[in-house]
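Every chain is numbered from 1, with letters handed out A, B, ... down the list of sequences. Below, each value reflects all heavy atoms present in this structure, side chains not excepted, and no hydrogens, waters or symmetry copies.
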2 protein chains.
Amino acid sequence: MVTMSDVARVAKVSATTVSHVINKSRKVNPETEKAVRDAIEVTGYAADGIARSLRTGRSHTLGLAMTAISNTYFGDVVHAFERTAAARGYSLILTDTHDTPERERRALRDLLSHRVDGIVLAPSAAPEAAYAQLTRRKVPLVLIDRVPPKPLPRVDAVGVENVEPIARLVEHLVVTHGHIRIGMLAPQAGIITTVERVAGFRIGLERAGLDPDTAPLEYGGESFEQTTASLNSMLGLPKPPTALVLGNNLVTVAAIAALRKRHLTPPQIATVSFDDFPWADSFRPRLTTMSQPVDEIGAMAVQLLLERIENPGTEPRQVRLEPTFMVRESCGCPPDDLS
Amino acid sequence: MVTMSDVARVAKVSATTVSHVINKSRKVNPETEKAVRDAIEVTGYAADGIARSLRTGRSHTLGLAMTAISNTYFGDVVHAFERTAAARGYSLILTDTHDTPERERRALRDLLSHRVDGIVLAPSAAPEAAYAQLTRRKVPLVLIDRVPPKPLPRVDAVGVENVEPIARLVEHLVVTHGHIRIGMLAPQAGIITTVERVAGFRIGLERAGLDPDTAPLEYGGESFEQTTASLNSMLGLPKPPTALVLGNNLVTVAAIAALRKRHLTPPQIATVSFDDFPWADSFRPRLTTMSQPVDEIGAMAVQLLLERIENPGTEPRQVRLEPTFMVRESCGCPPDDLS
DNA sequence: TTGTATGCGTTATCAG
DNA sequence: CTGATAACGCATACAA
């Protein structure tokens, strides 16, 4: 490996000077500078980020800890995150929390040991240990996807609005399409977003004069099979729902598959779902959905984190982005004008 | 920050002993060990990976450099990669090459500055500079997705078989379904996989007694719009093809959308495509595809890389995984027995 | 305008 | 079985 001393020797200057020309951290004679730059060229020197980090305490690295399977998030959010971070000169370390408290702890420990300058975390259903771990080390932290409820912890967070958009979906089912037996297939129980979406479901029902307590509600999202089983148990009811609220993209794909098996393709049974798909317009059934602004979420997470890093004293912010209502045909609604 | 010296002070031993306890690198008296472990507990000490890396020269970090937009790869491969790496005690740094030589260089420079123990790279269309950069630094390297052609460079690589599977797709079109005017919408020109898939297309045509030189062939994959334009120009031919080979998942989604606009839903026009979708069975048209084993590809990349790291002297290996032929209905073939 | 000395937190060498 | 010491490659306080 070629180090700064090697460059210094070739350029016949001190390592200090080399460091300063690289970092532009003090004035140096143009001739000297040229000698140094030439020496760098000749030796093929590349700065060692590790040594630099040890010395400065900053790694120019951001940690992203989330689960890879749930949510549409993974691919798109990671992509947006990497792009935004790279644009600001930061690299990305990725770890999978598997949405379990134990793996979450491990993921954060790994991130911490790499001395990341900040962490973006999609908290598991029981993130207390993780929070403690993080606050003890005072690492800048931004929560993503799941924004903690009311007695707000002092932490930055970015996520999407869930309650009203789901209520809006229910309203669509009731008001526009006249359904009165509406069921919900929710994502993994315990996760904050699930709690909020179920709340939105109940609120939507109430507003429509329907009874939330008698409305069919099942939790899926653990696996394809478990989701399928949940849906089937709902459909096996004496009076099965005529319309379905699907709580996220994972649940949606499993549900459509299960419905197909029962020869119940939307809009034969009406569905609305959270999360959109890039291919939603090209393939049938064309699903009516709430589309999350995944790119903005990833970019905003980086944005909040960098601001926190640069300005640790400021008040934490919670950002709620708005999903977009995509009306298509899974409720039987508009004429199929695109096919 | 709490360091090893702090722990040592609390445990009333030397830092050396603390280090040895942590790394189990030499025998230490059970009592001493307990004292150290207690001190670690009390102080909440966590090892500093940066300092450790500087000293040992190993970062326990793997770099993954690929483009996030092209290919089905991104999400799934990254996921499999992270899982396999984590299981072996390695973290993952992710960088986007944007499939351009310039960004590729930058991505690798970043990885190198983080002193990753090895790099997995999906090479751009002109990766020479990247190779030079890497071999100069002697970083263990594995190529992913795109396996370099014949005069094999001395480098590990993992990818999927392209030529024969695409030829097989063409055969399906000709032999099973009697098409003789077959066009191909290929992915981004220049990429090795594209070259191979186009070669497979031509070979398939030849075997069927068709003339490859007069067969319509367009390159897409740059963007949704560009892909759409390519397809439309092919469909605008005096004698447009009655069957289409779609070169990857990106091209496929754009193509189906464009076909829809022309009221040409498969199997009205026959299509076969490379890359499968998790939702392929639930949504119409149900596409006949070649499905890549994305999980295995990601896992194998890590596997090859770790073997190279542990055993630098061995002969490089090129691994070609087999895609799976998923016969569905986009050629009008089997009765719709699943709907 | 430039150089010397020191230390970041860890592990390896050597000595006890 | 344990400890003192040096070194990894760099950035900075201080000195010249």
From NZ of B:K24 across to P of D:dC1 the rounded distance in Å is 16 Å
- Query: For C:dT10, does OP1 or OP2 lie under 4.0 Å from any side-chain N or O of B:S19?
  - Reply: no
Closest of C:dT10, D:dC1, D:dC10 to the B:T32 side chain is D:dC1
The reported gap from CZ in A:R9 to CE in A:M4 (rounded to nearest 0.5 angstrom) is 12.0 Å
dist A:E33:CD -> A:H20:NE2 (nearest 0.5 Å) comes out at 12.5 Å
Ignoring hydrogens and angles, are the base of C:dT11 and the side chain of B:S25 linked by a donor-acceptor pair under 3.5 Å? no
From CZ of A:R9 across to C1' of D:dG9 the rounded distance in Å is 13 Å
Exercise. Classify the side chain of B:R55 versus the base of C:dT11 as yes if they form a donor-acceptor pair under 3.5 Å and no if they do not.
Key: yes
Atom CG of B:L54 and atom P of C:dG7 are separated, to the nearest Å, by 16 Å
To the nearest angstrom, the CE-C1' distance between A:M4 and D:dA7 comes to 16 Å
Problem - Side-chain donor/acceptor of A:S14 to base of C:dT4, under 3.5 Å - result: no
(message) For a quick check of understanding: with a heavy-atom distance under 4.0 Å over all strands, which category does B:S53 fall into, base, sugar-phosphate or nothing?
(response) nothing
Comparing nearest nucleotides in DNA chain D, the 5'-proximal residue of the pair B:N29, A:R52 is B:N29
Residue pair B:D48/B:R26 against DNA chain C: nearer the 5' end by closest nucleotide is B:D48
| said: Once you apply a heavy-atom cut-off of 4.0 Å, does B:A47 come out as touching a base, just sugar-phosphate, or nothing? | reply: sugar-phosphate
Any side-chain N or O of B:T17 under 4.0 Å from OP1/OP2 of D:dG3? yes
Query raised in the report: Below 3.5 Å, does any donor atom in the side chain of A:T16 face an acceptor in the base of D:dA11, or the other way round?
Result: no
A:H20 NE2 to C:dT2 C1', in whole Å, measures 9 Å
- Message: Regarding B:R37 and B:E41, does a basic nitrogen lie under 4.0 Å from an acidic carboxylate oxygen?
- Response: no
Taken to the nearest whole Å, CD/B:E31 to C1'/D:dT2 is 14 Å
Query - Short side-chain to backbone donor-acceptor contact, A:R320 and A:V160, under 3.5 Å - result: yes
Sugar-phosphate, base or nothing in reach of A:R58, heavy atoms under 4.0 Å
nothing
key: Donor-acceptor under 3.5 Å (B:S53 side chain, B:G49 main chain)   = yes
A:I50 CD1 to C:dC8 P, in whole Å, measures 18 Å
In whole angstroms, the gap separating C1' of C:dT1 from NZ of A:K27 amounts to 10 Å
